[in-house]
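A quick write-up on the structure given underneath.
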Amino acid sequence: MPQGQIRKAISGFYYVQRENGNLIQCKGRGVFRNRGISPLVGDIVTIVEDGDNDATITEVHERKNELVRPPIANIDQALLVFSIVEPDFSLHLLDRFLTVIESVDIKPIICLTKKDIANETDLQLANAAIEYYEGIGYDVIQTYIDDPDLHDLLYPFLKGNTTVLAGQSGVGKSTLLNTLIPGLLLKTGEISEALGRENTQLVMSN
Ligand SMILES: Nc1nc2c(ncn2[C@@H]2O[C@H](COP(=O)(O)OP(=O)(O)OP(=O)(O)O)[C@@H](O)[C@H]2O)c(=O)[nH]1
Ligand SMILES: [Mg+2]
């Protein structure tokens, strides 16, 4: 039976990407509710096609891991986005993120933004942090808005992996995604309404 991965969930419908890349709109199976199964974005599912580009999810496969906020499953890695300034870089918050992410078996990659507006002192602090975290085995990348090297920096990490972006509001997550994926046109510069201020997250894949 056909399988795929849920890529988005809107108003009771799930959009499942098939192996051929096509996205198909699916309903959840009624019995899921009774059994307490709630399909998540990222789930690998079996579907039965009802014709007319419509289908039903009949099985949710075992998850490798899942996050509660936002509710997503089967994440390989997390890009932990921190700005050097505006908002100021926080070692405390970074350590908290690392603890949470690693406890559910997600590989962290630390990403520092806004080096273009950081002063000498801020840059020195950031460089010391980079040296420290690289020294204990983490991958760290540093970037800024419209960085022409962003693709080259990130693609080796992103290719073939399901990645979640995590970070405080205003650190530049949407800006990063807009640079990586021309045409995505996520809103930037505002506090996103749906997801709250501290630890907003977005998913992308491959
Ligand atoms: N100078 C500079 N500004 C940046 C950089 N990255 C993001 N910004 C700006 O910072 C502001 C916030 O960026 P967003 O991409 O909206 O931040 P976000 O992390 O998506 O924030 P939420 O959606 O609220 O969680 C915007 O005005 C961006 O233009 C950067 O590297 N340098
Ligand atoms: Mg955003």
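We use all heavy atoms of the structure for the numbers below, so side chains are in, but hydrogens, waters and symmetry mates are not. Order of listing sets the numbers, starting from 1, for every ligand and every atom in it. Along the sequence shown, the residues carry numbers beginning at 1.
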Checklist line | Of the listed options T113, L112, D116, closest to atom 32 (N) of ligand 1 (non-hydrogen atoms) | finding: D116
Next item on the list: Check whether any N or O atom of I117, backbone or side chain, sits under 3.5 Å from an N or O atom of ligand 1, and answer yes or no.
Entry: no
Margin query: Counting only nitrogen or oxygen atoms and a 3.5 angstrom limit, does G172 reach ligand 1?
Written below: yes
Check: Do any N or O atoms from the side chain of N119 and from the backbone of T121 form a donor-acceptor pair under 3.5 angstrom?
Finding: yes
Checklist line | Numbered atoms of ligand 1 (with element) below 4.0 Å of Y144, judged on heavy atoms | finding: 31 (O)
Checklist line | Passing candidate, side-chain contact (heavy atoms from CB on, under 4.5 Å) with I6, options I44, V45, V60, L40 | finding: V45
Note to self: Let's go through T162 and N74 carefully: what are the C-alpha distance in whole Å and the side-chain angles of both, what is the deciding distance for side-chain hydrogen bond (donor to acceptor under 3.5 Å, both in side chains) to 0.1 Å, and is it a yes or a no?
What the structure shows: CA-CA 8 Å; T162 299; N74 298 323; over 6 Å; no
Item checked: ligand 1 atoms in contact with T175 (distance to a heavy atom under 4.0 Å) -> 6 (N), 7 (C), 13 (O), 14 (P), 15 (O), 28 (C)
Note to self: Evaluate K114 for polar contact with ligand 1, using N/O atom pairs at a separation under 3.5 Å.
What the structure shows: yes
Check: When only distance counts, is K187 in polar contact with ligand 1, meaning an N/O pair under 3.5 Å?
Finding: no
Check: Is the backbone N or O of G42 less than 3.5 Å from a side-chain atom of Q5, with the two atoms forming a donor-acceptor pair by type?
Finding: yes
Margin query: Do I47 and M1 have side chains that approach each other closer than 4.5 Å (heavy atoms only, starting at C-beta)?
Written below: no
Notebook entry, point to check: When only distance counts, is K115 in polar contact with ligand 1, meaning an N/O pair under 3.5 Å?
Noted result: no
Checklist line | Presence of N, O or S from T188 under 2.8 Å of the Mg ion (ligand 2) | finding: no
Check: What atoms of ligand 1 come closer than 4.0 angstrom to any heavy atom of S169?
Finding: 21 (O), 22 (P), 24 (O), 25 (O)
Notebook entry, point to check: Looking at Y15, is K8 sitting on its ring face, NZ or CZ under 6.0 Å from the six-membered ring centre and within 45 degrees of the normal?
Noted result: yes
Margin query: Pairing donors with acceptors under 3.5 angstrom, does anything connect the side chains of D95 and Y133?
Written below: yes
Check: Heavy-atom contact under 4.0 Å between G170 and ligand 1?
Finding: yes
Check: Do side-chain atoms of K114 reach the backbone of E86 as a donor and acceptor pair under 3.5 angstrom?
Finding: yes
Check: Counting N and O atoms only, with roles assigned by atom type, does the side chain of K107 sit under 3.5 Å from a partner on the main chain of E102, one being a donor and the other an acceptor?
Finding: no
Notebook entry, point to check: Does an N or O from K173, backbone or side chain, lie closer than 3.5 Å to an N or O of ligand 1?
Noted result: yes
Notebook entry, point to check: Is S174 close to ligand 1, meaning an N/O of one under 3.5 Å from an N/O of the other?
Noted result: yes
